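Take a look at the structure set out below.
This structure is a prediction, so every number in the text was calculated from the model and none was measured.
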Amino acid sequence: MAKSRQHFSSQDSSLSPTSVRSREWEGPSRWTEYLGPEATSPMNLRSSRNSGPDGQVHSSGGSHKGLNMQWVVQLTEVAEGLMAKMYRLNQILDYPDPVGHVFSEAFWKAGVFPNHPRTCLLLSKKFPEHYSKLQLERIDKVSWDALQENAELHLQSLEPWIQLLLDLMAFREQALRLILDLSSTVITLLPHQNSLILHAFMDLFCSFVRVNLFSEKIPRKMMLQMYNLLHSMSRDQDCDFYHRLVQFIDSYDPPLKGLKEDLNFVSPRIGEVLEAVGPIIFLSTDTRKLRNEGFLSPYHPRYPDILTNSAHPMRAQDLANVTSYREWVLFGYLVCPDELLRVTSIDIALVVLKENLVLTLFRDEYILLHEDYQLYVLPRILESKKMAKSGRTKQKEADLEYSVAKQVEKMISEVHEQALLSCDAIHHERRILLKQEIGRMALFFTDQPSLLAPNIQMVFSALAFAQCEVIWYFQHVGIASSKSKTTRMVPVDIDPSDPTIGFLLDGMDHLCCLVRKYIAAIRGYALSYLSSCAVRIRSLLNTPGMVALDLDSSLKGLFQQIVQHLENIPKPQGENVSAITCDLSEFRKDWLSILMIVTSSRSSINIRHLEKATVSTGKEGLLSEGNAAYNWSRCVDELETQLSEHASLKKLYFYHQHLTAVFRNTMFGPEGRPQHCCAWLGVASSFPECASPIVPEEVTKIGRDAVLYVESLIESIMGGLEGLINILDSEGGFGALEIQLLPEQAAYYMNYASRVSNLSAKSPKGPSGFPFPGQESHPENNTSIKMLEAAVQRLTNLCSVLNDMEPICVLNHVFVLREYMRECILGNLRRRLLSALKTDNDLQRPSVLESLICRHISIIHLAEQHISMDLTQGIREVLLSEAFSGPVSSLHLFEKPAEQQTGSATEAVCNWYIENIIKDISGAGILFAPIHKCFKSTRPVGGYFADSVTDLKELKAFVRIFGGYGVDRLDRMLKEHTAALLNCIDTTLRSNRDVLEAVAGSLHSGDRIERDASIKQILDIDTVIGFCVQAGLALAFDRLLAEASGAVLLEGAPLIHSLLTGIAKHIPEEIPEKIEIRRLRGVANNFGVVYDHDSQWVRFILEEVGGANDGSWSFLPYLFATFMMSNIWNTTAFNVDTGGFNNNIHCLARCISAVIAGSEFVRLEREHQQRQSLSNGHAADNGDTELQSRSSAEASIKSTMQLFVKFSAGIILDSWNETNRSHLVAQLIFLDQLCEISPYLPRSSLEPYIPYAILRSIYSQYYENSPSMPLALLSGSPRHSPAASLSHSSPGVRHPRGDSTPQYDSSHFKGSSSHSQEHETDSGSLRSTESRLRNVRRSGPLDYSSSRSKVKFVEGSTSGSTGPSPLPRFAVSRSGPISYK
């Protein structure tokens, strides 16, 4: 604290009036913080008064004048730093209103001022009264005591901001002195004569005004009063600078009062400048003249074949400065109101005031322009009017002055209303002009790049013009201005969806890219110009007029240095221009030194002398050549700086929220263009340049905001891209092209069209909404096609633009739009896939899902043609991730991990199939239809009937969508479900082992009473049957899935399918199987190329879970035989249409066949392993063992199956009587179907117990009731033993049962895969009788016609029509022996 107090005291002494004059050369040293140490070295720090030359022009005077110019530029930079500090203070204090004494809660919590509002507000309101006169300790004793206790702490928080007030006071003194000095010494400040010094002078002038106007927005009074109070509490005296700061703040309260007094001496020079720039301002507002006379066109407007620099090159170049000129007018007449009384000033002020509502001070801080003109300028005009009126009789000029003052009064009073009504329209018209001109300019220079360099100044003018319009638009969005008469706020009507902004940004970006692309050509042209300029300047220096001037040696030396600089410029040769490095800053510094000398009123040789001495040659004068050389020299080494000056949109950072809103409103509107997004994004690259080095924390904040802005825009762009894709991928998009009429619809439509053909002109649309034939191409009918074409065009354009866009760099962040686009497209594909899985009701049909995916992928492929990256690989990745998302290493292993994670899409589909088809949790009455190879339901499952999602076509679509990983997942879930069901069988076998042992004994002994009693002891037999039926459903579904997989493999990779089929026929049959053989058999089984799919599938399940490892499994056929005693058969009926039963009992046959075969394989394999372990690995000959193992396994399966058939037939026929025979037909057909399903059970095995004649009669009775069923199709099963014929007694006679299992002839064993292959039939086409005979079910003539819906069923409870049992009819049949065909 003591150290900082010393700093302040030393600063105070330097600010005393005497010390300021004695140490004036040291003035700029205080600005090191604002300029940096390198810019404020002692050699450069000379104030204007100490360094100005007197009447003699000497060496030191010339150099000092150049340094004086540098000090003008440096003070302008100091002004920027001061405003940055004030801006930061305003942010910290939550933008207070010191004039109205309105302070928010955040103001007091910011930590700058003590949180004692009453005391602080009193000090501020009573300014400039000293605190000692306010009796603060009496008003708020608590605050007074708290301030005394924490005085040092509060002083410390206020010190940096008190230093800001001191800097503002010092800046006011030094800047004002410099402005007055330049105004009094510079001969001419006209833009066409001395533009360089004019711009430096006016920039300092405007910065001086801005700083003092901005200072009103910070609580200066409260800051000073509170600091002095705390200082007095701590030091018992006022701070040294208190009274000077009080005087400074009071004189600038309000700031415009002090500015008018300070700048009163400069006012006439300001008026001259504003009059001089008036013509350029008028030209900039005349859009018709700009367009018609081609000021911004690279070719002549009336003679487009003549390529010329411009119709008016000098004035077109001046348009680059029109933004500055407008600011000069607004600030100049605001602080120098007397200059409005000039005759020409009214029009100039009117034009500029009518176009603006606010006057920007710094960044997004502004003052309301018209309110301040009415408050501070109008009273001065009224005063002049009053003085002119009172002095009318005394002076002749009084009438003119009165008249002008009256016009100015009227103008100021009315222009506010005009601006509110017309400012947006004026600027909108100007934006349209710039949109057209810049668009043409970009096309022209793209086609003729060689003309870019000569016209570079005109390009800068166009860029500056567009920059001004874009910034004006965002400065006025959301502005509310108050009308003076009504004092109510009126919002400015700015269209937030104006598409011209996008066109301007894109045009500016395109022009900047062209300049950077051809920067070498522009530098080469500038170097050539400077080389020729050196020759002209040397010749001008040697003219008689210049020789007669007798220049001073120092000035002559400066001219010689100028010529040497230009002559030493390297000559561009060939294509090495880009390699030339040339620094012309010394040339420009020397030229400014010459200008400061020759434009000074203290110099003996001034600008008029030089013009008279050189213009007489008939060519450009010396100063004109030098100024042109100065401008072209900047195109050599400061081209990027010039681009930044004229085209930088970094100020838009402070309006980036409006920027985002306008972008979203315009980018994808009717006038939006995809290529504009590059420019909207590119703006962010310049945002970090707004950060001031004075406020270090700004860099982080602005950088973060810039990144968020880019991310927000990218999100919008990708949302638009996603929207375009989804529009095309909708029913109104490409989906409309897929609409097809059914044949019935088409026939009705054509008939209707023929009837009303004479009325087609009146009613062009048919009943279904489609245009009549021949009118599809009429304009009124192709709007949807036009919409599609427009969407496709936008999509391809956007993809092309994003693909070609350069990376967006914001600080250390790099945004590559191609990568965002790839992620967007693939992410959208994933979302569309997941959303398409489910309809409003339930699962989408796989075939429909496949068509939707294919449609979406076709759109992605359309976009991919315009993107330089492989989206097809990304599509594969998406589909793979939705089918399999486990560890990548798992993809390379045959063993599946225990916790394998799968894609959400596959998971959803597989779960739906398990829950709704296999488990039938919705109770939709799922039935497996063997004939149709699909599942059917009595009511819809979700949105479809079961056959719409389970037939072979749909499963093939599922396989094509999710591939092998999806099939594996569904197969795995089916296995898990079946394993649980097999576990229930295992539990039943274990828990009922003793009972089953008794059942087996009674079955072998033929004791019917004991058998029935034992069977009744088995608990929940109906539940076990239900589990077995579910297992049979899973087996049937997996068989269909394997068949679909094989069909898809055959379509897509026929060679691999052929290889698998060939290998499957030659897989070694050994027990136990090697791991490789087991894997190969599993693959073949998954693709349905093996003959015993079901048994192998159950075998794999039992091996995985370690099932069938108990001795109780030997009673499996007895358990299954007891199923024949269940009550379930009383409600079972055969359904001719499906080839199955109404309660899926036919799936029980599939389960019994597979479980018996699978368990026998597992049992024999386990026994073989035990024998090997007992024999210590010494096995017999491999070939014999292999054959013996396989044949013994098959014999064991056959024996077990025959045992089951024998006992089941016995139980069935024993339980039949005249009063209870409803179950008999179903059970007999069930056994027949078991023989059909099992590859190990030939038909002859059933013949000894149930003659086929009975079955043939049963089937005949079922099918003959259908008139559409030709009897010629009734045929026996070709799978039966090749005996010639068998004679039967009456079909009603029951065959005697033998106690021993009939011997099975090995020649009847079916070992080929033909016994388990089921052929897909096409229900939509009629086939010949021979074809039906080949494809018919082997258990009877079930596939009789293609229209099964009309068949009336004889017997059935749920799925067929009920009727009398066919048994009485075949019981009295006279049919004789039936030969097997």
Side-chain angles (χ1 to χ4, degrees), residues 920 923-932 935-938 1015 1018 1020-1033 1035-1036 1119-1153 1204-1205 1207-1238 1246 1249-1250 1254-1255 1257-1263 1265 1337 1339-1340 1342 1348 1351-1370:
D920 191 19
I926 300 295
L927 294 173
F928 175 62
I931 288 181
H932 304 292
F935 291 80
K936 292 183 177 291
S937 59
T938 55
I1015 289 176
I1018 301 176
D1020 298 329
I1021 192 167
D1022 288 347
T1023 305
V1024 179
I1025 291 176
F1027 290 152
C1028 291
V1029 169
Q1030 260 196 45
L1033 285 171
L1035 284 163
L1119 174 65
F1120 288 154
T1122 62
F1123 289 176
M1124 299 300 119
M1125 293 289 290
S1126 170
N1127 293 326
I1128 198 170
W1129 298 100
N1130 296 329
T1131 58
T1132 302
F1134 182 68
N1135 190 326
V1136 177
D1137 182 43
T1138 62
F1141 295 94
N1142 62 336
N1143 53 3
N1144 282 320
I1145 283 295
H1146 51 286
C1147 293
L1148 178 62
R1150 189 178 293 271
C1151 173
I1152 290 172
S1153 171
F1204 165 74
V1205 169
F1207 292 139
S1208 296
I1211 292 174
I1212 292 169
L1213 297 176
D1214 282 345
S1215 62
W1216 173 78
N1217 54 53
E1218 290 296 334
T1219 59
N1220 182 21
R1221 59 183 182 182
S1222 59
H1223 59 83
L1224 181 59
V1225 173
Q1227 290 176 326
L1228 295 180
I1229 295 177
F1230 170 80
L1231 291 179
D1232 177 62
Q1233 287 194 344
L1234 178 64
C1235 295
E1236 167 65 21
I1237 291 171
S1238 175
L1246 186 60
Y1249 316 110
I1250 303 174
I1254 297 177
L1255 295 172
S1257 299
I1258 292 174
Y1259 286 129
S1260 298
Q1261 296 303 317
Y1262 269 107
Y1263 285 101
N1265 288 334
R1337 271 188 95 258
S1339 59
L1342 300 183
R1348 289 277 161 71
V1351 178
K1352 294 183 179 179
F1353 308 125
V1354 175
E1355 186 173 337
S1357 59
T1358 58
S1359 61
S1361 60
T1362 59
S1365 171
L1367 192 58
R1369 300 188 61 183
F1370 75 75

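To the nearest 0.5 Å, atoms CD (E1236) and CD1 (I1229) are separated by 13.5 Å. One finds the OG atom of S1257 at 11.5 Å from the CG atom of L1228 (value rounded to the nearest 0.5 Å). Rounded to the nearest 0.5 angstrom, L1148 CG and F1141 CZ are separated by 10.0 Å. A distance of 11.5 Å separates CD1 in I1145 from CG in L927, rounded to the nearest 0.5 Å. In this structure, CG on D920 lies 9.0 Å from CD on Q1030, to the nearest 0.5 angstrom. From S1153, atom OG reaches atom CD of Q1233 across 12.5 Å, with rounding to the nearest 0.5 Å.
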>> One pair to check against side chain to side chain contact (heavy atoms under 4.5 Å, CB included): I1212 and L1231. What are the steps and the verdict?
In response: CA-CA 10 Å; I1212 292 169; L1231 291 179; 3.5 Å; yes
>> Run H932 and D1137 through side chain to side chain contact (heavy atoms under 4.5 Å, CB included) and show every step you take.
In response: CA-CA 9 Å; H932 304 292; D1137 182 43; 3.7 Å; yes
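In this structure, Y1259 and F1134 have perpendicular ring planes: the angle between them is above 60°, well past the 30° mark. Ring geometry, F928 versus F935: the interplanar angle falls from 30° to 60°, so the pair is classed tilted.
With hydrogens and angles disregarded, a donor-acceptor distance shorter than 3.5 Å links the side chain of S1208 to the backbone of F1204.
Between I1152 and F1230 the shortest side-chain heavy-atom distance falls below 4.5 Å. In this structure, V1225 and Y1262 have side chains that are in contact, with non-hydrogen atoms separated by less than 4.5 Å. In this structure, the side chains of K936 and T1138 come closer than 4.5 Å at one or more pairs of heavy atoms.
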Side-chain donor-acceptor pairs of residues 1119-1127 under 3.5 Å, sequence neighbours excluded:
| unit_1 | atom_1 | unit_2 | atom_2 | d |
| --- | --- | --- | --- | --- |
| T1122 | OG1 | L1119 | O | 2.4 |
| S1126 | OG | D1022 | OD1 | 2.3 |
| S1126 | OG | I1128 | N | 3.1 |

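The heavy-atom pair separating L1246 from C1235 by the smallest distance is CB-SG, 3.8 Å. For the residue pair C1151 and G1032, the shortest heavy atom distance occurs at CB-N, 3.9 Å. In terms of heavy-atom proximity, L1224 sits nearest to L1213 at CD1-CD2, 4.3 Å. Taking all atoms of both residues into account, the shortest heavy-atom contact from Y1249 to A1209 is CB-CB, 3.6 Å. What you find for S937 and I926 is that their closest heavy atoms are CB-CD1, 3.8 Å. Taking every heavy atom of both residues into account, P930 and H1146 meet most closely at CG-CD2, 3.8 Å.
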